[in-house]
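Reading through the structure tokens given below for one structure.
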Number of protein chains: 2
Amino acid sequence: MAQAAPLYRLPCGACLDCDVRSMAVCAALEDDEVDALERIMISRSLEANQVLAEEGDPKTYVYTLTSGMLRLCSSLPDGRRQISGFLMPGDYLGLADDDVHTRTSEAVADAKLCAFPVRDMDGLVKVYPRLSERLHGMTRAALRHAQDNQMILGRLTPVERLASFLLVLSRRAREHKQPDNPVLLPMPRADIADYLGLTVETVSRSFTKLRNDGLIRLPDAHTAEIVDRDALSDLAGIEPH
Amino acid sequence: MAQAAPLYRLPCGACLDCDVRSMAVCAALEDDEVDALERIMISRSLEANQVLAEEGDPKTYVYTLTSGMLRLCSSLPDGRRQISGFLMPGDYLGLADDDVHTRTSEAVADAKLCAFPVRDMDGLVKVYPRLSERLHGMTRAALRHAQDNQMILGRLTPVERLASFLLVLSRRAREHKQPDNPVLLPMPRADIADYLGLTVETVSRSFTKLRNDGLIRLPDAHTAEIVDRDALSDLAGIEPH
DNA sequence: CGGCATATTGAGGAATATCAATCTTTGTGG
DNA sequence: CCACAAAGATTGATATTCCTCAATATGCCG
């Protein structure tokens, strides 16, 4: 059977100009090697709140987020929800899972992704050991991050949780080569609440507290300007970055 | 310079008889290959509460726990502590870390371990790709586990947290080929509290509640017999295993 | 401009932390 | 082997914190 020309393929060499080239999985490959990745890649885009994969779905694709933001979440039968993480451009979706997605992934804001069929990706990983090493390294980093969250959820007060959340977002923005000060908050308060194990009201009150104490400014609900980073770090119980 | 015969070396072939052979990293290797692992291995033992590695220490060894139990924890400047996990025989220490231990590891009860110098281990991983794959798979499992904990810490009530804790311990005991009921609790209540983000008093009251409701029996403080596994699973919001 | 979703603020109550006392277990030395 | 001290676990009384419910304010999109 004749194979139709694959849809949604980016123009050849597009990966080389990609915004996230230096921080995503593909950073493991040399310029003349990314081509192999590009060949198995399919572009996708999501609108805000669109679901990419549901908890329990078979893992047929893995993804690199190139723009926008995703949330990974799971819910209890009675509706209680926990967000285990937010993905920023350059982040990889599928690090934790073997054959099945263990979390639901949804777009917080309009998002663009590179989709890789897992079968093809598994093949590439065997050809390029550095790709495998990079994935393993990203998994380790995700694990450290999840363990940090255990401390945040288990032992920090609401204001401390929010302080640490803002600092982590700021630091990650910097790592992703974006301005680290006003911190952009594309997600609604309910998402922050479900990430920090709080209610929206408590999140809102914690924002107000940080503002009244002069640690941050809030030009609008989706922008937090860090005024006193040291005090914020003190609160969060972590070293300033 | 002449190299002295290495100390603490187990008799040749000991790995083949090892209790944890089938569940630890070494399960990735065939019987005739574990020899390579055994050659770089050094046996260690720890007494209860002895520290194996401190948060921030350079990662010079990785370990497989062969008996006993370890806790991984970190502390805030003011003394608040969070335990990110307990290690059971067959578990691997060092999955999350690159060059530095990000958590303190201590013995809950007397423990025995196989220690592998990271340099040697890095070398072996290159020779045996299956070893690398297995480590990556164990890291993914640890990540899923840490994300489950985020739900537990962020959204479950104390009794629900304890129920889920007992069920996880029970399931892991089974996976580790030990009886899954009664559940053995080698760690003190303070450890359970610092793992579940509660106080000792609340942990104690939660045990009492589960006992009074007929879901468990408590022959002694370190033994919990599961009486109604379904009700316990219901509480924990997870499928019975 | 109006209507809806989201965010903030307020009042009250429920749940868990805190403080304190008792009970139990463990380990040690006589 | 028993007595005793010390640590750990449980139970009780109280206080604080955060959640719940309700009202108001703000922003956003048609």
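The chains referred to below are lettered A, B, ... by the order of the sequence lines, with proteins before strands, and numbering in each begins at 1.
Using a 4.0 Å cut-off between charged side-chain N and carboxylate O, A:Asp228 and A:Arg217 make no salt bridge. A salt bridge is absent between A:Asp19 and A:Lys112: the closest approach of a Lys/Arg side-chain nitrogen to an acidic carboxylate oxygen does not fall below 4.0 angstrom. At a threshold of 4.0 Å, the pair A:Arg205-A:Glu201 does not count as salt-bridged, since none of the basic side-chain nitrogens sits closer than that to a carboxylate oxygen. Checked for salt-bridge contact, B:Asp194 and B:Arg71 miss the test: no charged N lies under 4.0 Å from a carboxylate O. Taking 4.0 Å as the cut-off between side-chain N and carboxylate O, A:Asp98 and B:Arg144 count as a salt-bridged pair.
Between the P atom of C:dT16 and the NZ atom of B:Lys209 lies a distance of 11 Å, rounded to the nearest Å. One atom, CG of A:Asp78, and another, P of D:dT20, lie 11 Å apart when rounded to the nearest Å. Nucleotide D:dA25 holds its C1' atom 15 Å from the CG atom of A:Asp220, rounded to whole Å. The interatomic distance linking A:Asn212 (CG) with C:dG10 (P) rounds to 10 Å, in whole Å. Following rounding to the nearest Å, B:Phe207 (CZ) and D:dT11 (C1') show an atom-to-atom distance of 16 Å. When the P atom of D:dT17 is taken as reference, atom CZ of A:Arg161 falls 14 Å away, rounded to whole Å. The CG atom of B:Leu185 sits 14 Å away from the C1' atom of D:dG8 (whole-angstrom rounding). A straight line from CG of B:Leu198 to P of C:dA15 spans 15 Å, rounded to a whole angstrom.
No hydrogens or angles were tested; on distance alone, a donor-acceptor pair under 3.5 Å links the side chain of B:Glu201 to the base of C:dC19. Scanning atom types as modelled, one donor and one acceptor separated by under 3.5 angstrom connect the side chain of B:Arg205 and the base of C:dT18.
For C:dT9, the OP1/OP2 oxygens have a side-chain nitrogen or oxygen of A:Arg211 closer than 4.0 Å. For D:dT11, the OP1/OP2 oxygens have a side-chain nitrogen or oxygen of B:Thr208 closer than 4.0 Å.
Closest-nucleotide positions on DNA chain C for A:Ser204 and B:Thr157 were compared, and the one nearer the 5' end corresponds to A:Ser204. Between B:Thr202 and B:Arg155, it is B:Thr202 whose nearest contact on DNA chain D lies nearer the 5' terminus.
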